[in-house]
There are 2 protein chains.
Amino acid sequence: MSTLKKMEILKSYIETKGLKSTAQRDYIAEVFFKTNTHISLEELLKKVKRKTPAIGYATVYRTMKLLTECGLAIARQFGDGQTRYENLPEHGHHDHIICIKCSKILEFQNEKIEHLQSETAKKLGFTVISHKLELYGYCAGCA
Amino acid sequence: MSTLKKMEILKSYIETKGLKSTAQRDYIAEVFFKTNTHISLEELLKKVKRKTPAIGYATVYRTMKLLTECGLAIARQFGDGQTRYENLPEHGHHDHIICIKCSKILEFQNEKIEHLQSETAKKLGFTVISHKLELYGYCAGCA
DNA sequence: ATACTTATGAAAATGATTTTCATTATCATG
DNA sequence: CATGATAATGAAAATCATTTTCATAAGTAT
């Protein structure tokens, strides 16, 4: 989904909820929609402050909560104590592999796994709509 | 794996690390190994305090860290801000498939998927230690 | 028993996130 | 376009889970 489309969704969500549109919120969302990693709040705040140093971290927290609420961001905890926010990918879906020592996160796709998943589900009478797959282990550097 | 076997593993882990065995730690581990849900530290502490009110929460934290380290517990975050600990199931590992309509949860096992996972990880330079796989969809009754 | 080291419990510290509060900005309406 | 009601902001304080500190109390090898 494009950034433009996401901004539209946000706008209409704000309208339906009777909220007000603000420059800070729009800018935080805009910066976030440009990311393609699992960004922590701290990192996002740093990015945002480059142009708008006056912004407070509470506002960033509030904005990310809003984006999570309306489905434009996915909040994930990988076990290092910090929530990371994932921007919906432009094209399709991916899974994660996380280093339990250095917290490095890689993304991967595997058609065969996806296929096996729906097959396994079918045997149990289920139709798969979505899934979450996270692998935990040691990366090359930490092995 | 039986509770007894887990206690043995813990004991040998403690020995190899040059740690000392204590009544508190043993008791916390024993109580934890009897659980079969995703228990929070608070809940575990409450259970433990029924018999040993003098125990401090720091000790429970320390013990769960130890159990997690030696693979006898799995720490999970479901997004409510609290870490939950999963006791290794009696019989091997399983994943979950969840109906998004009626919330039914089934467990399943699939060797092929596990194999593909470690293969995929290897290509990325990772060694897999554990994983989380959750399928979401409609069960037979809700399709 | 002794000496050395680890474990414990209570309290303090930490770090991420949330809330409070005074002030400012938005927006529908007159 | 002024107004009034209400939401949003930023800074600071509060909260909550978790970790660390520190003095004291075991555990263990000798």
Side-chain angles (χ1 to χ4, degrees), chain A residues 10-32 38-70 73-85 100 103, chain B residues 7 10-32 38-46 48-70 73-85:
Chain A
L10 177 59
K11 199 182 155 201
S12 79
Y13 183 79
I14 284 173
E15 274 168 14
T16 346
K17 282 269 179 174
L19 308 177
K20 292 171 182 173
S21 97
T22 70
Q24 290 95 325
R25 192 145 63 188
D26 285 356
Y27 185 60
I28 294 166
E30 201 189 312
V31 170
F32 174 70
H38 301 89
I39 199 166
S40 67
L41 199 114
E42 205 188 340
E43 292 161 342
L44 183 58
L45 179 62
K46 215 166 99 187
K47 269 180 193 286
V48 167
K49 281 208 167 183
R50 285 211 269 270
K51 220 184 208 170
T52 330
I55 226 152
Y57 60 85
T59 302
V60 182
Y61 271 108
R62 288 186 276 235
T63 302
M64 290 318 295
K65 194 174 183 182
L66 196 69
L67 293 185
T68 303
E69 249 172 62
C70 67
I74 300 168
R76 293 184 183 276
Q77 350 260 143
F78 292 115
D80 67 341
Q82 259 184 94
T83 297
R84 280 155 198 286
Y85 298 92
I100 54 183
S103 294
Chain B
M7 290 304 281
L10 177 59
K11 197 182 158 201
S12 80
Y13 183 78
I14 284 173
E15 274 168 15
T16 346
K17 282 268 179 174
L19 306 178
K20 293 171 181 173
S21 98
T22 69
Q24 291 94 325
R25 192 145 62 189
D26 285 356
Y27 185 59
I28 294 166
E30 201 189 310
V31 169
F32 174 70
H38 299 91
I39 199 166
S40 68
L41 198 114
E42 205 188 339
E43 292 161 342
L44 182 58
L45 179 62
K46 216 167 98 188
V48 168
K49 281 208 167 182
R50 285 211 270 270
K51 221 184 209 171
T52 331
I55 226 153
Y57 59 87
T59 302
V60 182
Y61 270 108
R62 288 187 275 236
T63 302
M64 290 319 294
K65 194 174 182 182
L66 195 69
L67 293 185
T68 303
E69 247 171 64
C70 68
I74 300 167
R76 295 185 184 278
Q77 352 260 144
F78 292 115
D80 67 342
Q82 259 183 96
T83 298
R84 278 156 199 286
Y85 299 92

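Chain naming here is simple, since letters A, B, ... match the order of the sequence lines and numbering starts at 1 in each.
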Length of the line joining B:Tyr27:OH and C:dT8:P, which is rounded to integer Å: 15 Å
pair A:Ile28-A:Thr52: side-chain heavy atoms closer than 4.5 Å: no
Reported CG-to-CZ distance for the pair B:Leu10 and B:Arg25, which is rounded to 0.5 angstrom: 7.5 Å
Nucleotide C:dT8, atom P - distance to OH of B:Tyr57 in whole Å: 15 Å
Integer-rounded Å distance: C:dT18 P and A:Leu66 CG: 13 Å
Whichever of A:Ala23 and B:Thr22 has its nearest DNA chain C nucleotide further upstream toward 5': B:Thr22
B:Glu42 vs A:Thr52, nearer the 5' end of DNA chain D by closest nucleotide: A:Thr52
For atom CD of B:Gln77 and atom C1' of C:dT17, their distance in whole Å: 14 Å
OP1 or OP2 of C:dT18 under 4.0 Å from side-chain N/O of A:Tyr61: no
Student check: side-chain heavy atoms of A:Leu67 and A:Phe32 closer than 4.5 Å: yes
B:Ser21 vs B:Gln82, nearer the 5' end of DNA chain D by closest nucleotide: B:Gln82
Validation row: B:Arg50, B:Val31 side chains within 4.5 angstrom (heavy atoms): no
Pairwise side-chain contact, A:Thr59 with A:Thr22, heavy-atom cut-off 4.5 Å (strictly under): no
For chain B, the stretch of DNA chain D it reaches, first to last nucleotide, under 4.0 Å of its heavy atoms: D:dA17 to D:dT28
Atom-pair distance (CE on A:Met64; C1' on C:dT18), nearest Å: 16 Å
Distance in angstrom units between A:Leu45 CG and C:dA16 P, rounded: 12 Å
Distance in angstrom units between B:Tyr13 OH and C:dA7 C1', rounded: 16 Å
5'-most by nearest nucleotide on DNA chain C - B:Ala58 or A:Leu41: B:Ala58
For B:Leu41 against B:Tyr57, the heavy-atom pair lying closest together: CD2-O, 4.4 Å
Sugar-phosphate only, base, or nothing, as touched by B:Arg62 at under 4.0 Å among non-hydrogen atoms: base
Spacing between A:Glu15 atom CD and C:dT26 atom C1', to the nearest angstrom: 13 Å
Note, A:Lys20 side chain near A:Ile14 side chain (heavy atom, < 4.5 Å): no
